[in-house]
Amino acid sequence: MSEPILSAVDLTASVRLPDGSTLPILRGVSLDIHPGESVAIMGRSGSGKTTLLSLLGLLSRPDSGQVMLLGRDASRVGDRERAGLRNAHLGFVFQSYSLVRHLNARANVELPLRYGSGVPRAVRRQRVQDALEAVGLGERGSAKPRHLSGGEQQRIAIARALVREPSVILADEPTGALDTSTAESVLTVLLHSARDRGTAIVIVTHDPAVAARLDRTVHIDGGELVAAPRRRASRSRA
Amino acid sequence: MRTLSHAFQELRAHPWRAVLSGLSLLIGVLAVVAIVTISAITAEVYIAGSEQAHGRQISIAGDIELASPDAAGVSRVLEAAAALRVDGGAVVLHFQSSESAGYGAIADTIYPTPLTQTWSGVHFVAGDVAQQRRLPILSGRWFVQHAGGPVEVVTNRAGVDQFGAVGDGISLAHSRTQSRAVEALIVGVIADGSSEPTLYVPAISYGDRQPSLFERDVRLTLQHASVDQATLTQAGNDIVARSGAQFPEGSALYRTDDIERILAELRTQQNAFLITAVIMLVVSAIGMLNIGLASVAERSRELVVRRALGATRGGILGQVLLASVWIGLLAVAVATVTAVLAVTWWVPQQIPPESAIEPPGVPWLAVLWGGMAGVGTTLVGGGLPAIVAARLDMAAALRD
């Protein structure tokens, strides 16, 4: 088996309550994400799955433990370096699309390239166009988010996550706001696009049907992984 | 450069927010410039009136007795004051003839008796009248003292109906015993702040033609802007002594201008203006702060998504702050143009021509202060929202 590209090593996290006490959210969670695999994180509301995703995405810092990205501990580096790591190696897809309202689809997809350094404008344009075409919206680059349907907006968000060709895409309920048929097609686009590029995917979901299309599923309950990571054989379900 | 570009995009994306923030700041900066300008003009109005009537700062005056009651006696005083005049000071001698004759039309010059008009309002002067007092010329020019031709004289606005306008001839006689009246030509109309008709006649030119004008008693006035009263008084005493003149018993030089008193009285008013300007800026800053914080709250999700995509904390801070600074610079530029136009075009039109008020120059210092205050207001009004934006919890991007 290849080396994990992203790992959670004995992660703990908590929140401080108004009365000054702390509430544990994650208790010693360890998880490996390997190149090209797709992993579902399932659990009840409040179980800690979104917190785990934000730690894996370097959006927050653990109380203890490590987040290893490409073999180095990324949980302790400074803000600028974390921003660089997120930009270069991680892609995000959010439940509510989270497109920038005043930017058109093309500019939204271009954002990660603009925050990255050293990508010439012509190359940026080409990569944006490629990403839009990969999600089937090559002709909608000029449209503002308000002129796009929910499914189209989420596909734009997927194109934005893919455009930097990250090592891992982290998605939080990416189909949660979509109807069944649109969710199906959006998930297909996400999985196809990621697998075409060899990109690993971690999806937080409540939906067993979504989890069923991924390589493996981990369950989290009360801040702990309750089932050992189990690798699915098939990677052709998408 | 990238942050600058994002900041500019932000302004284009939210034009009304930018316009409202800009207006808030524009009002604040314009208020500073306007208040400072109004304060300066108010001071100028009082000072101009005082300098017109009583002389510029520092003026001292006293009655003296000339060494000889003739043009030579006058010239000796002026020569004794040469150093003071070269140094930027002014010396004026004012004659008050004890005799009384009159003036009339040029035709009366040949047959002057009797010149039926009254003599009051005719002032014989020598020296630097236009320098010692603020006496703007409304038309024509100041008289030039010379030996040949008619005596050149100037009158005030109230004197035009009585003595004539620029180009009119007039005959003058200061004594009923003189054989001929003196032919004079009005060459200018000045604003001396008096509503009484007044004619200013150069004493030496007139005295060349009618030496009997001169009497021993004259009034001496000295003015210098950059020496203190004691030094000027000492200089005046020296001038009197060197010219061979003397003070009559009980007479001495005393202060005649009241600029210091006016400035002291205006200080309270100017402080009130300053406080008002500061309050306007604080109100502007609060307005910007309000708009900025509301904007950050509204866009918090967008901002954390940007961070998730690779923007640094500093990048977000810079983006929000630079957007405010763009607005601030634009507001300062518009305020500067407005202030320059107002001061160079509008304000001069509001000043009555007969007043001695000099149209104010562009208050560059006020503009500079206003601009700096505007940028400062921008940094305060945009800084806090920028800090709040940079400290947003990124994990919130994953939660709705």
Side-chain angles (χ1 to χ4, degrees), chain A residues 13 15 25 45 49-61 78-104 107-117 144-145 157 160-161 163-164 166 170-173 176-177 204, chain B residues 1-21 291-292 294-323 326-327 386-400:
Chain A
V15 291
I25 304 294
S45 294
K49 53 188 185 302
T50 296
T51 301
L52 175 59
L53 197 71
S54 76
L55 290 172
L56 289 172
L58 308 182
L59 300 177
S60 57
R61 294 178 190 270
D79 175 68
R80 180 176 289 274
E81 197 172 349
R82 282 161 69 86
L85 290 171
R86 280 195 304 272
N87 178 258
H89 301 295
L90 301 174
F92 293 90
V93 179
F94 306 102
Q95 181 177 358
S96 55
Y97 328 134
S98 298
L99 300 180
V100 178
R101 282 181 304 168
H102 60 267
L103 300 180
N104 64 22
N108 265 287
V109 174
E110 191 185 8
L111 272 178
L113 295 174
R114 290 182 68 98
Y115 286 121
S117 56
K144 292 277 178 68
R160 184 176 65 186
V163 73
R164 221 21 201 149
L170 302 165
D172 187 22
E173 299 280 8
V204 164
Chain B
M1 195 64 196
R2 183 174 60 210
T3 305
L4 203 65
S5 162
H6 284 147
F8 194 62
Q9 270 184 358
E10 188 170 320
L11 290 183
R12 289 178 57 191
H14 308 284
W16 281 110
R17 187 184 301 152
V19 166
L20 286 175
S21 296
I291 294 169
S295 165
V296 167
E298 180 203 331
R299 299 169 50 221
S300 60
R301 184 160 188 84
E302 174 204 324
L303 295 170
V304 293
V305 166
R306 283 179 181 271
R307 287 205 63 201
L309 298 180
T312 61
R313 201 185 289 274
I316 293 294
L317 188 139
Q319 176 183 336
V320 175
L321 191 58
L322 276 177
W326 268 116
I327 294 171
I387 291 170
V388 170
R391 293 170 65 93
L392 286 171
D393 176 17
M394 267 193 297
L398 296 172
R399 302 186 198 102
D400 276 324

**Asked** Between A:Asp79, A:Leu111, A:Asn87, A:Leu103, which shows the greatest number of heavy-atom pairs under 4.5 Å with chain B?
**Response** A:Asp79
**Evaluation steps, side chain to side chain contact (heavy atoms under 4.5 Å, CB included), between A:Arg86 and A:Phe92** = CA-CA 9 Å; A:Arg86 280 195 304 272; A:Phe92 293 90; 4.2 Å; yes
**Request:** Test side chain to side chain contact (heavy atoms under 4.5 Å, CB included) on B:Met394 and A:Ser54 and set out the steps.
**Result:** CA-CA 8 Å; B:Met394 267 193 297; A:Ser54 76; over 6 Å; no
**Message:** Out of A:Arg160, A:Arg101, A:Arg80, A:Glu173, return the one with the most heavy atom pairs under 4.5 angstrom to chain B.
**Reply:** A:Arg160
**Heavy-atom contact with chain B under 4.5 Å, split by part of A:Arg164** = neither
**Message:** Quick check for you: to the nearest 0.5 Å, what is the distance between B:Ile387 atom CD1 and B:Arg313 atom CZ?
**Reply:** 11.5 Å
**Item:** Residue A:Leu90 versus chain B: region with a heavy atom under 4.5 Å
**Value:** neither
**Complete:** When the 4.5 angstrom heavy-atom criterion is applied to A:Arg82 and chain B, the contacting part is neither
**Request:** State the OG1-CG distance between A:Thr50 and A:Leu59, to the nearest 0.5 angstrom.
**Result:** 11.0 Å
**Request:** Go through the steps to decide whether A:Val100 and B:Val305 satisfy the test side chain to side chain contact (heavy atoms under 4.5 Å, CB included), and finish with yes or no.
**Result:** CA-CA 8 Å; A:Val100 178; B:Val305 166; 5.5 Å; no
